[in-house]
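Below is one structure, written out as structure tokens, with a few remarks after it.
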Amino acid sequence: MGVPVPDPVSRPLTRPAPPAVATLVGAWLALLALLALTVTLAHVPLGAWNAALALAIAIAKALLIVLVFMHVRHASRLTQVFSALGFVWLMVLFSLLMSDALTRTPLSPWP
Amino acid sequence: MTTAALERPQPSYLAAGDTLRSWLLTTDHKRIAWLYLVTITLFFAIGGAAATLIRLELLTPQGDLVSDETYNKLFTLHGVIMVWFFLIPSVPAVLGNFLVPLMIGARDLAFPRLNLLSWYIFILGGAFTLWAMVSGGVDTGWTFYTPFSTMFSNTHVVLTAVGVFVTGFSSILTGLNFIVTLHTLRAPGMTWMRLPLFLWSLYATSLVMVLATPVLAITLVLIAVERIARVGIFDPALGGDPLLFQHLFWFYSHPAVYIMILPGMGVTSEIVAAFSRRRVFGYGFVAVASLAIALLGFLVWGHHMFVAGESFYANLVFSFLSFMVAIPSAVKVFNWTATLYKGSIALDTPMLYALAFIALFTIGGLTGLYLASLPVDVHVTDTYFVVAHFHTIMVGGMVTAYLGGLHYWWPKMTGRRYPETWGRVAAVTLFLGFALTFFPQFALGYLGMPRRYHVYPPEFQVLNVLSSAGASILAIGYALPLVYLIASLRGGPTAGPNPWGARGLEWTVPSPPPPGNFATIPRVTEEAYAYTDADRE
Amino acid sequence: MPIASEAGASARVPFADPAQQHEAASAAMWVFLSTEVMLFGGVFAAYLWYRHADPAAFARGSALLDAPLGTVNTAVLLTSSLAMALAVRAAALGRRRPALGWLAGTAVLGLAFLAIKLLSWRHEWTRGLVPALHAGAALAAQPRVELFFVVYFIATGLHALHVLAGVGALAVTGAALARVRDPGRWNPIELTGLYWHFVDIVWVFLFPILYLVR
């Protein structure tokens with residue numbers, strides 16, 4: 001004995017099987033479909049919903065890429081946490097940042 | 001506790017190769033720690049020289065030593081060098097690099113070559129910054145506020161920004177290395193809850209390094225783009241908002257102060273445990289408090305902008321969160337104090353530094369609460385009260401902890417003991433010099449003396465003279481260890497593996513350790529700081 | 001069917017076995033990607049701030065961009081991600097030549113993305129939409145639309161730099177894959193894949209917020 005063995009929770013003892021071609025192509029087609037959807041919706045005047053829907057579709061695409069292409073769906077818990085970390089932290093930046101912008105009471109309207 | 005590592009005599013890491021090449025191309029984490037140690041000491045001297053000139057100028061109310069533009073360049077140099085080239089790397093890159101593998105029972109960090117690369121990146125960033133300083137300096141303050149930095153300053157803003165940008169990657173690589181190492185290379189039996197608290201602090205620090213520094217990087221890019229291309233990102237004429245710069249800058253720079261202080265807290269935990277011969281009280285709480293400080297530290301940045309034009313509601317939120325971040329820090333102070341209670345206290349040099357840290361960090365932290373309070377901040381913002389607050393934490397806290405850690409682990413790193421009496425003299429000198437330098441500044445700030453001014457009303461002179469006098473004593477407090485630590489390398493008595501009788505894997509290997517650290521990787525069976533009553537005899 | 005972890009292959013100090021080394025490398029890549037997320041995050045933050053300040057100006061600016069070209073480019077990059085995923089899959093199954101083929105395809109699509117981007121920038125230049133370099137004639141007297149274009153060029157410029165670096169990484173990966181003894185147990189291609197998919201994700205967000213603001 002004398003070899004360091006890492007915490008067994010953090011790594012699976014076997015690597016997950018590579019995804020099937022059908023899975024990958026299916027994800028790709030879904031991505032293209034979402035692209036078509038977001039472009040189409042941009043031409044439909046929905047007021048504030050345009051931005052919200054565009055964002056939701058972008059998030060859906062990102063999730064497809066992360067979970068399927070980047071294989072996070074079958075990764076260790078550690079990997080899953082790390083993969084979410086950056087995005088979660090970005091939300092912290094955005095929410096506190098915009099808490100200032102959204103609560104400003106302008107003294108005079110923009111010129 | 002394994003003794004296998006003590007049996008076979010092997011060359012120490014210091015003796016394994018003595019060519020310049022073997023040092024400059026090393027991937028041994030212990031040698032890289034020394035590369036950083038030498039480098040940051042040089043930078044500390046440069047930043048200290050700037051501080052000396054500042055305090056000399058401030059002896060008199062008139063601006064008679066340097067011009068106002070030179071003065072601006074001096075405090076900018078002081079801030080940039082001390083923050084990015086001394087404080088941020090100090091404990092992580094020197095003590096962390098040396099100790100992380102030893103403390104977890106590993107042979108090296110996860111990525112030894114990335115570790116060396118981080119030092120070279122540090123050197124490169126330092127070179128850019130020094131080049132900027134030598135060719136005329138920068139006068140914006142280390143905070144680079146726009147639109148002055150982007151539109152009006154005639155100094156080397158972009159060059160300095162490049163230097164800091166590059167250095168940021170050194171920080172990121174160190175943090176990345178520590179995070180992955182702590183997750184994957186702990187020895188068998190070394191569970192998270194058996195880690196020394198120093199490593200919990202470094203883990204939290206590393207998370208902050210990795211998540212905050214990139215925002216600094218992009219902010220510096222935006223400054224450079226605005227300045228070079230003359231486009232307005234922060235220019236009000238184009239609808240830009242200078243406050244956006246401040247938001248982005250402080251989103252990094254507030255967590256940066258936690259990058260600076262968390263490792264010092266970690267050092268304090270180690271020293272307090274070793275020199276009271278007791279397990280740190282409330283180990284779990286202290287461990288979680290490190291993570292809480294890191295998390296909450298990301299949520300308070302707006303307290304630097306209370307009077308800058310932030311909305312009232314944002315001010316309230318940031319003020320409240322700033323009060324919250326004091327809680328985990330206080331938890332640590334309570335736990336250290338409780339550890340001391342009924343401990344078998346030994347007032348060796350490291351312990352003197354650690355006690356000074358606890359006292360001064362508490363004072364500095366409390367003054368931070370004054371600043372977090374909106375009405376008080378309106379009065380003391382941009383005055384010497386703020387200067388005194390952050391220096392109390394950074395110098396009274398962080399530099400003190402760094403020196404304490406250096407003394408504590410010096411025997412392990414060098415195989416030599418420093419002269420204990422001189423060590424105690426230096427620690428006390430530092431504490432007294434610090435107090436005389438910075439306590440008058442709290443008064444100055446409260447009385448209304450603004451920061452970054454080299455002229456002031458004559459009624460402030462007495463306090464300024466006291467502060468400058470204190471700075472000269474502080475300088476002695478720094479010079480003493482420099483002299484006797486270097487002297488000990490040749491003439492000091494040799495140290496055994498565990499001169500302090502402390503617990504921890506680093507004390508089970510020879511002093512100095514062999515290149516691979518452990519003859520066989522240990523198996524950990526006991527909790528951290530497993531001191532017994534016998535240890536306290 | 002799961003693949004058994006590598007045995008018998010050597011790992012470099014300080015790792016005890018290749019599986020541990022692979023896990024560490026993977027964790028490191030994700031930590032690195034988190035730093036990239038925060039880097040781009042600063043640009044997104046500036047975008048958020050200014051779009052909120054003047055949504056109409058951003059809509060006007062966005063309308064001046066070539067949305068069809070941007071759509072094509074998005075499809076190109078999404079397809080490159082498919083090619084990358086297929087390359088990683090082929091490598092994991094030990095099929096060297098298909099893996100190299102898919103890697104090459106990814107690189108070609110990446111270069112195509114860059115070419116289209118350069119084309120669109122040049123187009124913006126001739127239409128007077130570049131804020132700096134005296135090329136912003138069409139934006140004069142519209143300061144906040146000019147600000148949109150400042151954000152647009154910084155965002156797409158930073159992204160294009162990352163795509164370029166990615167193509168370089170693909171080339172290095174391909175060269176290494178061509179020479180490695182046992183491609184089925186060779187992991188770095190996964191890491192390159194992670195980086196490439198990340199660059200794709202950034203564009204997935206950039207595209208609607210830049211091109212589809214109405």
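In the text below, chain A, chain B and the rest are named by the order of the sequence lines, each starting its count at 1. Quick caveat, the model's predicted, so the values are computed rather than measured.
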Query raised in the report: Among C/Pro143, C/Ala67, C/Gly42, C/Ala45, which residue forms the greatest number of heavy-atom pairs with chain A at distances under 4.5 Å?
Result: C/Ala45

Report task. Decide yes or no for C/Leu194 and A/His71: does some side-chain heavy atom of the first lie under 4.5 Å from some side-chain heavy atom of the second? Result -> no

Report summary line: The reported gap from CE in C/Met29 to OG1 in A/Thr79 (rounded to nearest 0.5 angstrom) is 12.5 Å

Query - Heavy-atom donor-acceptor pair, C/Arg214 side chain to A/His43 backbone, under 3.5 Å - result: no

Query raised in the report: Hey, mind stepping through A/Met70 and C/Trp30 against side-chain contact (heavy atoms from CB on, under 4.5 Å) and telling me if it holds?
Result: CA-CA 11 Å; A/Met70 295 169 101; C/Trp30 277 109; 3.5 Å; yes

Query raised in the report: If you count heavy-atom pairs under 4.5 Å with chain A, which of C/Ile209, C/Leu212, C/Leu82, C/Leu48 comes out on top?
Result: C/Leu82

Query raised in the report: Out of curiosity, C/Asp200 CG to A/Ile65 CD1, how far, rounded to the nearest 0.5 Å?
Result: 4.0 Å

Query - Which atoms of A/Ala84 approach chain C - backbone, side chain, both or neither, heavy atom under 4.5 Å - result: neither

Report task. Sort C/Leu33 into side chain, backbone, both or neither according to what part of it lies under 4.5 angstrom from a heavy atom of chain A. Result -> side chain

**Report entry** Non-hydrogen side-chain atoms of A/Pro18 and C/Leu93 separated by less than 4.5 Å
**Finding:** yes

Query raised in the report: Where on C/Ser81 is there a heavy atom nearer than 4.5 Å to chain A: the side chain, the backbone, both, or neither?
Result: both

Requested in this report: Enter the distance from C/Ser34:OG to A/Trp89:CH2 here, rounded to the nearest 0.5 Å.
Outcome: 11.5 Å

Query raised in the report: Where do C/Gly41 and A/Phe94 come nearest, in terms of heavy atoms and distance?
Result: O-CE2, 3.7 Å

Query raised in the report: Non-hydrogen atoms of chain C under 4.5 Å away: do they reach the side chain of A/Leu102, the backbone, both or neither?
Result: both

Report task. Give, as side chain, backbone, both or neither, the part of A/Val72 having an atom under 4.5 angstrom from any heavy atom of chain C. Result -> side chain

Report task. Under the side-chain contact (heavy atoms from CB on, under 4.5 Å) rule, what do C/Glu23 and A/Leu78 come out as? Steps first, then yes or no, please. Result -> CA-CA 10 Å; C/Glu23 193 218 344; A/Leu78 189 68; 3.9 Å; yes

Query - Per-residue contact mode, C/Phe44 against chain A (heavy atom under 4.5 angstrom) - result: both

Query raised in the report: How about C/Trp203: does its CH2 atom have over 12 heavy atoms from other parts shown lying under 6.0 Å from it?
Result: yes

Query raised in the report: So which of A/Leu64, A/Thr38, A/Val66, A/Asn50 has the largest heavy-atom pair count under 4.5 angstrom toward chain C?
Result: A/Thr38

Report summary line: Separation between CG (A/Leu85) and CE (C/Met38), nearest 0.5 Å, reads 8.5 Å

Report task. Can you measure from CG (C/Leu78) to CG (A/Leu34) and round to the nearest 0.5 angstrom? Result -> 9.5 Å

**Report entry** Note, A/Lys61 side chain near C/Phe205 side chain (heavy atom, < 4.5 Å)
**Finding:** no

**Report entry** Shortest non-hydrogen contact between C/Trp49 and A/Leu97, atoms and distance
**Finding:** CZ3-O, 3.5 Å

**Report entry** Least distance between heavy atoms, A/Ala51 atom then C/Arg51 atom
**Finding:** CB-NH2, 3.5 Å

Requested in this report: Please report the closest heavy-atom contact between A/Leu35 and C/Ala75, naming both atoms and the distance.
Outcome: CD2-N, 3.8 Å

Query - Worked verdict on C/Thr79 versus A/Trp28 for side chain to side chain donor-acceptor pair (under 3.5 Å) - result: CA-CA 7 Å; C/Thr79 311; A/Trp28 173 67; 3.2 Å; yes

Report summary line: Cut-off 4.5 Å, heavy atoms of chain C, and the answer for A/Leu93 is side chain

Query raised in the report: If we only count heavy atoms from C-beta on, is the A/Phe69 to C/Ile201 side-chain gap below 4.5 Å?
Result: no

